[in-house]
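These notes are about the structure you will find just below.
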Amino acid sequence: MRIATWNVNSVRARAERIAAWLERSDIDVAAVQETKCRDDQFPTELFTELGYEVAHHGLSQWNGVAVLSRVGITDVQIGFPGQPGWGDPAAPEARALGATCGGVRVWSLYIPNGREIDDPHYAYKLRWLEALRDYAAGCLATDPAAQMALCGDFNIAPQDDDVWDMAEFEGRTHVTKPERDAFRAVVDAGFAEVVRPFAPGPGVYTYWDYKQLSFPKRKGMRIDFVLASPALAARVSGALIDREERKGKGASDHAPVIVELDRTAQETSDAADAAGATAPPQV
DNA sequence: ATGGTCGGTGGCCGA
């Protein structure tokens, strides 16, 4: 099974490009962020025609998260218990959607950007990550064997080589110690980042600003991740950051990230049965 | 070429 995470920066602006990529890349489940539309504006039919079921949560032109799956979608959950709100009055934004697809609990997450260190949005970002950690840790406490993926745009570069030049980030968000500590707390709760071992840096990124020719100058950031529970991490056989998809006119400013999973022991057994390998002898 | 962005929106904001 192949799971992807991708901040698409408007699903309507590049719907055809997204659909073509899903099909070409043989993606079974996609966690999508920044759809930038309400539910009634989502181009659902384009994806259902390709065999994907769609679960989307969008409240306005901001944020918006979705899970697309061609291996089933059940138990769709909008947001998570304890998810902090924003605004006045504070209300949860469209930044988290969970769904069970092919036996895996997949979360599409769009962590707040933080804007500037002295901006209230930065404190909101840290609160949001702490709540995510608490929720995810609780899931594992309830079911240590859970197959769960926290996929999304975390808006954090956890290591110095996850940005092109640390000097450029002096006094800026995405690289501060509190943000990195908050990211690490999720990892320490039992959710390993499974892409990096297959796509080591330096110089390997998932995001490049549209401005100032960042992409051709290779000035990027690694901020999109797949964090897997222990049972899911054990199935990861490969991963890829598809830098090619960042190229050309009409690209998102984020590249899609793919994780390849081995079949579970049960799936392998079922497949063997179907093939007759362990079928009982016919009498 | 010594600069250089998008998307959604509605008369700027967010990234």
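Numbered from 1 within each chain, the chains take letters A, B, ... in sequence-line order.
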Starting from I223(A) and following side-chain heavy-atom contacts under 4.5 Å between hydrophobic residues (I, L, V, M, F, W, Y), which residues can be reached? V163(A), W164(A), M166(A), F169(A), V175(A), Y205(A), Y207(A), W208(A), F215(A), M221(A)
The criterion is salt bridge (Lys or Arg N to Asp or Glu O under 4.0 Å); which residues satisfy it with E260(A), sequence neighbours excluded? R2(A)
With sequence neighbours left out, write down each residue that passes ring pair (Phe, Tyr, Trp, His ring centres under 6.0 Å) with H57(A), or none if nothing qualifies. none
Looking at residues at least two apart in the chain, or sitting in another chain, which of them share a ring pair (Phe, Tyr, Trp, His ring centres under 6.0 Å) with F191(A)? none
Applying side chain to side chain donor-acceptor pair (under 3.5 Å) to W86(A) and not counting sequence neighbours gives none
For a 4.0 angstrom threshold against heavy atoms of chain A, report the outermost contacting nucleotides of DNA chain B in 5' to 3' order. dG4(B) to dA15(B)
Classify the side-chain pair S252(A)/N9(A) by whether it contains a donor and acceptor separated by less than 3.5 Å. no
Indicate, with a heavy-atom threshold strictly under 4.0 Å, whether R14(A) touches base, sugar-phosphate, or nothing. sugar-phosphate
Check every strand shown and say whether K217(A) touches a base, only sugar-phosphate, or nothing at a heavy-atom separation below 4.0 Å. base
Between dT9(B) and dG14(B), how far apart are the two P atoms, rounded to whole Å? 14 Å
Relative to the 5' end of DNA chain B, which residue comes earlier, N113(A) or K211(A), by the nucleotide with the nearest heavy atom? K211(A)
Give one of base, sugar-phosphate or nothing for Y110(A), where a contact means two heavy atoms less than 4.0 Å apart. sugar-phosphate
Specify the residue among D209(A) and R12(A) whose closest nucleotide of DNA chain B lies further upstream toward the 5′ end. D209(A)
